[in-house]
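Written below as C-alpha cells is the structure these notes are about.
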Amino acid sequence: MVKSYLRYEPALSFGVIASLEGNIAYDSSGKHLLTPALEKVGVWHVRQGICTKTLAPSTSSSRSGPSLAVTSIAPSPSSSSLVAVGYADGSIRIWDSEKGTCETTLNGHKGAVTVLRYNKPGALLASGSKDNDVILWDVVGETGLFRLRGHRDQVTDLVFLESTKKLVSSSKDKFLRVWDLETQHCMQIISGHHSEIWAMDADPEERYLVTGSADPEIRFYTIKHDSENTQAISNEKGAVIVNSGDMTSQNKWEVLKLFGEIKRQSKDRVATVRFDKSGSLLACQVAGKTVDIFHVLGDVLASRKAKRRLHRKKEKKSAKGALGTTESKEDTKHASEEDGNTPTVTVSDVFKHLQTVRAGKKICSISFSPITPKNSLATLALSLNNNLLEFYSIESSTTTKTLAIELQGHRSDVRSVTLSSDNTLLMSTSHNAVKIWNPSTGSCLRTIDSDYGLCGLIIPQNKYAFVGTKSGKIEVIDIGSGTCIDTLEAHGGPVRSIAALPNENGFVTGSADHDVKFWEYQIKQKPGQDSKNLVLSNARTLKMNDDVLVVVVSPDAKYIAVALLDCTVKVFFLDSFKFFLSLYGHKLPVLCMDVSSDGDLIVTGSADKNLKIWGLDFGDCHKSLFAHADSVMAVQFVRNTHYMFSVGKDRLVKYWDADKFELLLTLEGHHADVWGLAVSSRGDFLVTGSHDRSLRRWDRTEEPFFIEEEKEKRLEEMFEADIENAFENKHVPREELPEEGAVALAGKKTQETLSATDLILDALDVAEVELKRIAEHQEENTKGNVTEYQPNVIMRGLSPSNYVLHAFTNVHTNDLEQTLLALPFSDGLKLLSYFKDWTSNPDKVELVGRLATVLLQTHYNQLVTTPAARPVLTLLKDILYERVKECKDTLGFNLAAMDHLKQLMASRSDAPFRDAKAKLLEIRSQQSKRLEARTDTREEKRRKKKKKTSSDMHALTGF
C-alpha cells in the first residue's frame, strides 16, 4: 500500500510591523494606517496602536513567497475602505479593508509595481512598475484602459492633474513625462535633472509640482491649466522637450514650467515628497534619518514676502550707492520690478523651511494624516527600517513624537526560536531583545532587553528561560515578570548552542572558546534576598580542539554530539565523556543537527547545502541529500517519527522522510534567510524565524498527500513558472525600445488567460456540434421521422448560445482582451455569430460591445477580406448600435433622476452634500493666519531691534 502523509500549511505570520519594500499610507478617514508587512497589509488603529486587520492574499489563488511582497499602497480617496495594493510579481489587488476581502485582481505589469495613484474621484488608478510602463486602470469596470510606454527605466512616481486631464510620470531615466489621457500620448518631456527622479507630488489646488532626486536641490514647477493653453507646439515625434535651463514663456503648450529650486540640507537622495491634504505643508523625506517640513505660503503672504525682500535689496543698493558701487543686472531687474509695483514671487517666497524631523533610524516611508489636529499643523507617520512606526505632531516651532508602535516585532532579524515543553510559549531572540509570544495567536506577551541572543531554552513549568549571547554570557530570564534576573560570564566566545539534559535540571552549552559546559540550576534563596530565584552553576566542562558550533544530547541521555569548525561531528558518552564516534563527510562546517526520539538516527545540516543522515549505532552515513540552494541553518525531527524539517538561507522550509530519503513538502513563505526552527512536541505545528523579522507558524492538517503526487505538482509548477520562456517564445526577437509615448494594451498573458481561452474554444466546439445535431433533428422532423431530441448532458440544459456565453462568465474582466487575442480567426468568426442572441439581454450589451470591439480591432484586415463575415457584420451593425443607445439612454435617465433627488435633499438639508473643499480652504486659511501672525510678530521685533540699534549708533556717532 502506498504510504500517505499529512500536509503542513501556513497558518499564521506575525512579528512584522512595517517591511522595507512598500510605503505606508493613511486611509481617507485618518483613523487607520496601512502598512506593508511582507506579503500582507496591516491595518493599524492609530489611536489604540493595535493591528485590527491584515489583508493577506489567499495561498490558493497564487503562490506565496517573495513574489508576493507588497511594494506599493494607495488608499481610495472616494472610499474609506477600498485600498489598492501593488505586489512584487506585478499584480494589483483592490482590497476592502473593513471586510478584509479582495475585491478584484489586476494583472498587467511584468515587473514589481513601484507606485500607485488614484485620481480624485477614485474611478481611475494609475500604476507604474519596474518594467518601465505606466498603466491606467478603470477601477469601477475592473479592467485596464491602456498602457503608456516611453520611459527607459523604472517608473518612480505618478501624479494626476485633474484640471487638465493629464498624468505626470517620473522615472529613474531622469525625465518627467506629461501624458494627455484623452489623446493617450506624451505631450511634454522635461529634462534638467542630473540624477534619477525618485519622487514627486502636486499640491491639492494643482498650482505647483515638486520633484525630488539625488541632486542637491528640490525642483518646483508651476502647472498651467487648459484655459492658459491655446496652441500646441510639438516636435516631430509629438512631444515637447523642455530643458530647465532654456524655458520660454512663448510655448503655451507646456503644462509644467520650472518655477525654481531650493537647496537641500541633506546629502542623501530624496525618497518621498508629499503635500498634506490642505496643501499648506510639504514634507521632503530623504533616504536617511530626516524629513524636511516646508510651509507653503498663500499668494498674499508670498507677495508680501517678495516685497519685503525687494525692500531689503533696495536698502542694500542704496547703501552700496552711497559707497559709489555700480549696479548689478539683478539689482536693476529688481529695481524695475519695484518701480512697476509687480515684484516677482520666487520659489523661496512660497516655500519656507519650517523645521526638520529627525528619527533614530533610517526612514523608509512617510504619510500625512488627512485629519488636521486642533493644537498642531499636521500629524506625520514614519516607518523606519528597523520594523518600527513613529507618529510626530508637526507644530510651527517644534516637532513632538506622540506615539511609537514597536512591541509587536523585533528591531532586527530573528536569530533563534524556541518552544516550551507544553507548546504554549514561544521565545525568539534578536540583537537587542528577547520576546515571548503566544504561538497560537501570534500576540507578544513579554519583551525583555538583552544582549545579542544566538540561542535559547525554556525550562519546564515555563517560569524561566536561558539565552546564550554573542558576548559569551548566559542570561536568566524570569518569564512571569519579563525581566532578566541574572547574567553569567559563561564562555570566552559566542554561545552558539544550548541543549537541555533529558530528565535533569540542567543543560549544555557550546561556544567558540572550544568548551562544552554542563550547567545545573536550582531554585533557592540567595543570601540577602527575600524571594527564591533560580541559581545557575557550572557542573562539568568538556574541552574540544576547535570552535563548537552545535551541541545535541540524545533523548535517552546516552550520547552527546558536538559539531566543530573542522567540519566533523564528535559523539561522546554523556556520563564519562569517552569518545564514541566521529562523523565526517561534510565539505563545510556543520551548522545544525538533531537526534531522533528513538536514538537511531542523527541528521546533520551544513553550509555545503547538504543534509546527511547517519546511524548512531555505527556512525555510518545512510544518505546524503542535496537539501537547499544555500546553507542549511536548522534541522529538527518530529517527535516519535523519522520525519524531519529543515530550513535554509534559500528562504524555504522542507519536510523530509529520513527512512525513505524523500522530500515530502516544500513550504514557501519567508522573504529572506530562515535562521531558526522549532517543532512542537506533538508535531502538530512548527514555528520558523527569519532574517525578514517575521515568525511563521505552519500547522499540520488532516489532508493526506502522496509523494508521487507532490513530485508531479512540483514539475507542473516548474512548467508554469517557465511558461513565458516556452519554446514558441524563445525565437521571438527581443522587444525593442518603445517609441516616444507609445500606447499598448494594459493586460498581459498569464496561465489564467490561456486556460480561459481553452475553455472558450471547448465551449465553441461543443456548441457547434450541438447546433449540427439540432439542425439534423429538425430535418428529420420535416421528413416525418418524429423523434424525441436528447440534448447534450455536458451543456447542463443550456442552449448553444447560452453555453458559450456561460464560458465567458468565468473570465475575469481584466483578462478578457488577452483571452480573445489567443483565439484563432476561425473561432473569432464563430463567436461573432452568437452576438445577435446575446444583445437581446440588456445585462450583456456591455460585454458584447467589448467583445466586438476587441475582435474587430484584432482581426480587422481578415474580416474585411472574408466574404463569410459580411452578413454577420452587417447584422451586428444594425443591432449593436441600437442596443448600446438604449443602454446609454437608460443610464442618462437614471443619472438625471438621481441628480434631481440630490437637489431635493440639498434643498431640505445641505449636510449630506456639503462641499469638502470649503472646509479645506477654511483650515488652510486658519493655518495661514496663524503663521502670518507669527511672521508679522517676528518681523516687527526685528524692525524695532534694527531701529533701536540705528538710533543708538546715531546717539553715539552723531551721524
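It should be emphasised that the depicted structure is a prediction, and the values quoted were computed from it without experimental measurement.
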Next item on the list: With side-chain hydrogen bond (donor to acceptor under 3.5 Å, both in side chains) as the test, would you mind laying out the steps for T356 and R358 before giving the verdict?
Entry: CA-CA 6 Å; T356 300; R358 299 185 186 277; 4.8 Å; no
Next item on the list: Take the angle between the ring planes of H193 and Y221 and call it parallel below 30°, perpendicular above 60°, tilted in between.
Entry: tilted
Next item on the list: Over all heavy atoms of both residues, which pair between E475 and C484 is shortest? Give the atoms and the distance, please.
Entry: CB-SG, 3.9 Å
Check: Under a 4.0 Å N-O cut-off, is there an ion pair linking R274 with D157?
Finding: yes
Check: Would E390 and K401 count as a salt bridge (charged side-chain N to carboxylate O under 4.0 Å, His left out) if you check the C-alpha gap in whole Å, the side-chain angles of each, and the deciding distance to 0.1 Å?
Finding: CA-CA 7 Å; E390 290 183 347; K401 185 165 79 170; 3.4 Å; yes
Checklist line | NZ/K362: more than 12 non-hydrogen atoms of other groups inside 6.0 Å | finding: no
Next item on the list: Could you tell me which non-hydrogen atom of G279 sits nearest to which non-hydrogen atom of P204, and how far apart they are?
Entry: CA-CD, 3.5 Å
Check: Passes side-chain hydrogen bond (donor to acceptor under 3.5 Å, both in side chains), T35 versus W44? Steps please.
Finding: CA-CA 8 Å; T35 64; W44 292 85; 3.1 Å; yes
Check: Do the side-chain N and O atoms of S443 and W437 include a donor-acceptor pair separated by under 3.5 angstrom?
Finding: no
Item checked: Within-4.5 Å side-chain heavy-atom neighbours: S171 and W198 -> no
Notebook entry, point to check: Does the side chain of I73 reach to within under 4.5 Å of the side chain of I24, using non-hydrogen atoms?
Noted result: no
Check: Is the side chain of R697 donor-acceptor paired with the backbone N or O of V687 at a distance under 3.5 Å, no angle test?
Finding: no
Item checked: Check: V674 and L652 side chains under 4.5 Å, non-hydrogen atoms -> no
Check: Ring centres of F275 and Y208 under 6.0 Å apart?
Finding: no
Note to self: If I take atom OG1 from residue T114 and atom CD from residue Q154, how far apart are they, to the nearest 0.5 angstrom?
What the structure shows: 5.5 Å
Margin query: Working to the nearest 0.5 angstrom, can you tell me the gap between T398 OG1 and Q355 CD?
Written below: 6.5 Å
Notebook entry, point to check: Any luck finding a side-chain donor-acceptor pair between T272 and Q285 under 3.5 Å?
Noted result: yes
Notebook entry, point to check: H109 and S129: which non-hydrogen atoms are nearest, and at how many Å?
Noted result: ND1-CB, 3.1 Å
Check: Between P57 and E39, which heavy-atom pair has the shortest distance, and what is it?
Finding: CD-O, 3.3 Å
Checklist line | Atom pair CG/OG1 of L377 and T399 - distance to nearest 0.5 Å | finding: 9.5 Å
Checklist line | Residue list, salt bridge (charged side-chain N to carboxylate O under 4.0 Å, His left out) with E196, at least two apart or on another chain | finding: none
Check: Hey, what do you get for CG (L158) to CH2 (W179), rounding to the nearest 0.5 Å?
Finding: 10.5 Å
Next item on the list: Using a strict cut-off of less than 4.0 Å between a Lys/Arg side-chain nitrogen and an Asp/Glu carboxylate oxygen, indicate whether R264 and E217 qualify as a salt bridge.
Entry: no
Note to self: Please enumerate all residues that pass salt bridge (charged side-chain N to carboxylate O under 4.0 Å, His left out) together with D349, with sequence neighbours excluded.
What the structure shows: R309
Item checked: Enclosure of H353 NE2 (heavy-atom neighbours >12, cutoff 6.0 Å) -> yes
Check: Measuring from C444:SG to L695:CG, what's the distance to the nearest 0.5 Å?
Finding: 9.5 Å
Notebook entry, point to check: Any side-chain heavy atom of V417 sitting closer than 4.5 Å to one from L426?
Noted result: yes
Next item on the list: Could you tell me which non-hydrogen atom of L388 sits nearest to which non-hydrogen atom of E406, and how far apart they are?
Entry: CD1-CB, 3.0 Å
Item checked: K120/E205 ion pair, N-O < 4.0 Å -> no
Note to self: Is any side-chain heavy atom of I223 closer than 4.5 Å to one of L256?
What the structure shows: yes
Notebook entry, point to check: Just wondering, do I394 and T379 contact through their side chains at under 4.5 Å, heavy atoms?
Noted result: no
Next item on the list: Using side-chain hydrogen bond (donor to acceptor under 3.5 Å, both in side chains) as the criterion, point out the one residue from T156, D173, N132 that pairs with H151.
Entry: D173
Note to self: Give me the atom names and distance for the closest heavy-atom approach of L297 to K305.
What the structure shows: CD1-CD, 3.9 Å
Notebook entry, point to check: Within 45° of the axis and under 6.0 Å from the centre of the six-membered ring of F160, does NZ or CZ of R117 qualify?
Noted result: no
Check: So, are R207 and D299 salt-bridged, with charged N and O less than 4.0 Å apart?
Finding: yes
Next item on the list: Evaluate the criterion side-chain hydrogen bond (donor to acceptor under 3.5 Å, both in side chains) for residue pair T101 and E103; output intermediate values, then yes/no.
Entry: CA-CA 6 Å; T101 56; E103 299 295 317; 3.1 Å; yes
Notebook entry, point to check: Taking S195 for the side chain and A214 for the main chain, is one N or O donor matched with an acceptor at less than 3.5 Å?
Noted result: yes
Check: Could you go step by step and tell me if H670 and T688 meet the side-chain hydrogen bond (donor to acceptor under 3.5 Å, both in side chains) rule?
Finding: CA-CA 9 Å; H670 280 292; T688 54; 2.7 Å; yes
Checklist line | I92 and V85, any side-chain heavy atoms less than 4.5 Å apart | finding: no
Note to self: The test is ring pair (Phe, Tyr, Trp, His ring centres under 6.0 Å); show your working for F351 and F220 and say whether it passes.
What the structure shows: CA-CA 10 Å; F351 295 91; F220 295 85; 4.2 Å; yes
Notebook entry, point to check: Checking side-chain contact (heavy atoms from CB on, under 4.5 Å) against K172, which of D153, V155, I197 comes through?
Noted result: D153
Note to self: Do V414 and T429 make a side-chain contact, defined as non-hydrogen atoms from C-beta onward lying under 4.5 Å apart?
What the structure shows: no
